[in-house]
Amino acid sequence: MDWNSVDDSSFRAHIAEFVRAHCPRELRFPKRRLRLAEVRDWYKALSNAEMLAPAWPARYGGMGLNPSKTLVYLEAMEASGAPRLPDQGIINLGPLLIKHGTEQQRAYYLPRILSAEHIWCQGYSEPNAGSDLASLRTTAVLDGDEYVVNGQKIWTTWAYDATHIFALVRTDAGVAKQAGISFLMLDLAQPGITVRPIETLMGHAEFCEVFFDNARTSKSNLVGEPNQGWTVAKALLGFERIWAGSPRQAQQLLGQLRQYVMQAELQHSATVLDRLTQFEFDVADLQACYARFAVVVGRGEPLGADVSILKVWATETCQRIAEYFVEVAGDLATIQGDVAFAGGTVDVLTPYLDSRSFTIYGGSSEIQRNILAKSVLNLPV
Ligand SMILES: Cc1cc2nc3c(=O)[nH]c(=O)nc-3n(C[C@H](O)[C@H](O)[C@H](O)COP(=O)(O)OP(=O)(O)OC[C@H]3O[C@@H](n4cnc5c(N)ncnc54)[C@H](O)[C@@H]3O)c2cc1C
């Protein structure tokens with residue numbers, strides 16, 4: 001099937017229909033990241049229909065979509081409420097192996113990602129290496145045909161459900177910090193690895209600490225050349241830079257706020273109306289900004305440093321709306337989860353708590369502003 005030749009609206013309709021037919025209603029528009037056990041059947045349904053890996057080439061079991069169609073795929077999935085899968089293997093490792101891996105690595109790992117036999121998590125951040133990732137201290141030392149890994153990762157999303165981890169590790173401490181890093185794949189099911197969940201503000205154990213105590217992996221699980229891990233990992237920073245700026249979450253949140261304002265009959269308050277109108281403009285600006293970058297992606301061109309504005313605007317708009325929702329909802333905002341209101345339910349606190357993390361992951365707002373200051377505005381930073 002050459003999906004790229006299908007027009008965008010038919011393609012959107014196909015995805016929407018597929019979600020309706022194969023993704024149970026109770027899984028759609030989830031308020032938290034769902035566990036593997038909850039989404040495994042949906043993962044398999046996508047895999048069986050060869051619709052799991054939009055951007056992988058068809059010869060590796062992907063849909064072979066061009067960047068513009070991949071964006072349409074992601075938008076349509078999000079608009080239909082399809083839950084996010086434990087997708088590090090699909091969106092990060094798979095494309096990386098296709099670009100930098102060996103034929104043996106591709107032949108072994110890619111089919112196992114598609115079949116859900118292997119679920120991957122991303123082990124980059126460490127307790128003192130987040131924004132300054134190149135300061136990471138987890139070491140890997142070659143011992144015969146195996147690397148021996150020692151250290152700790154943190155904020156590893158979905159590690160408790162994962163079977164494998166791809167990690168950045170220090171293989172040479174005697175050179176400039178970015179130069180001594182390698183990209184390694186490890187099986188989590190071994191005595192040298194401990195995974196400990198961390199409970200979030202929302203009360204869910206969404207991410208974990210991962211401890212390596214003489215953990216082992218074959219040297220054939222090194223991706224790229226030794227000490228070239230920084231370059232390999234940076235090659236991943238393509239698509240997610242625009243995806244982090246999708247207007248969808250802000251649109252949904254604004255819809256919920258608008259509905260609440262009408263139900264609570266607050267639309268006659270000039271103050272409320274003023275704020276609501278401001279948010280409408282903010283979300284419209286976000287949509288326009290996103291559309292501008294989507295055109296660049298559609299042309300197959302690389303995104304420039306200016307895409308940082310998109311992440312800042314998308315995530316901070318969500319936070320502003322969520323904060324105002326709490327302010328205007330009074331007592332209703334004191335309880336997490338659905339609260340009875342106006343013959344239905346409203347959940348004010350969950351989006352507020354959820355939106356706290358948006359400005360941290362994928363490069364914090366401060367880091368994005370540093371990039372804009374340095375690379376776009378040419379300010380002396
Ligand atoms: C929901 C969520 C999921 C995540 N999933 C993963 C995952 O799966 N795998 C993974 O490896 N990591 C993951 N992370 C970690 C994420 O990448 C880091 O939290 C992020 O890089 C920030 O690092 P840090 O938490 O160490 O904060 P720090 O880097 O310690 O920053 C603390 C504060 O200082 C500010 N700051 C830092 N440096 C500067 C500077 N130079 N100039 C100005 N301000 C600065 C930051 O903006 C921030 O406000 C996740 C994080 C979240 C919130």
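Just follow the structure's listing: the first ligand is 1, and inside any ligand the first atom is 1. Bear in mind the structure is a predicted one, so any value in this text is a computation, not a measurement.
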May I ask you to identify the nearest protein heavy atom to [atom], giving residue, atom name and distance to one decimal place in Å?
| atom | value |
| --- | --- |
| atom 26 (O) of ligand 1 | Gly130 CA, 3.3 Å |
| atom 19 (O) of ligand 1 | Ile360 CG2, 3.5 Å |
| atom 7 (C) of ligand 1 | Trp155 O, 3.0 Å |
| atom 9 (N) of ligand 1 | Gln122 O, 2.8 Å |
| atom 51 (C) of ligand 1 | Tyr361 CB, 3.7 Å |
| atom 37 (C) of ligand 1 | Ser131 OG, 3.6 Å |
| atom 17 (O) of ligand 1 | Ser125 OG, 3.3 Å |
| atom 53 (C) of ligand 1 | Ser357 CB, 3.9 Å |

Tyr260 ring centre to Arg258 NZ or CZ under 6.0 Å, with the angle to the axis within 45°? no
Is any side-chain heavy atom of Tyr160 closer than 4.5 Å to one of Arg35? yes
Less than 4.0 Å from [atom], is there any heavy atom belonging to the protein?
| atom | answer |
| --- | --- |
| atom 30 (O) of ligand 1 | no |
| atom 35 (C) of ligand 1 | no |
| atom 46 (C) of ligand 1 | yes |

Could you tell me whether Lys69 and Asp8 have a side-chain N and a carboxylate O separated by less than 4.0 Å? yes
Residue pair [X] / [Y], side-chain donor-acceptor N/O under 3.5 Å:
| X | Y | result |
| --- | --- | --- |
| Glu126 | Thr138 | yes |
| Lys153 | Ser125 | no |
| Arg106 | Tyr60 | yes |
| Asp331 | Thr334 | no |
| Asn221 | Ser218 | no |
| Gln122 | Thr157 | no |
| Thr317 | Asp282 | no |

[X]: numbered ligand 1 atoms lying under 4.0 Å from its heavy atoms:
| X | result |
| --- | --- |
| Ile367 | 38 (N), 39 (C), 40 (C), 41 (N) |
| Thr157 | 3 (C), 4 (C), 5 (N), 6 (C), 7 (C), 8 (O) |
| Glu366 | 43 (C), 44 (N), 46 (C), 47 (O), 49 (O) |
| Ser364 | 46 (C), 47 (O) |
| Phe207 | 1 (C), 2 (C), 3 (C), 52 (C) |

So, does Ser47 use its side chain to make a donor-acceptor pair with the main chain of Leu114 at under 3.5 Å? yes
Between ligand 1 and [X], is the shortest N or O to N or O distance under 3.5 Å?
| X | answer |
| --- | --- |
| Asn370 | yes |
| Glu206 | no |
| Arg33 | no |
| Tyr124 | yes |
| Thr156 | no |

Phe166 with Leu85, same ILVMFWY side-chain cluster at under 4.5 Å: yes
Over 60° means perpendicular and under 30° means parallel, so tell me whether His118 and Trp120 are parallel, tilted or perpendicular. perpendicular
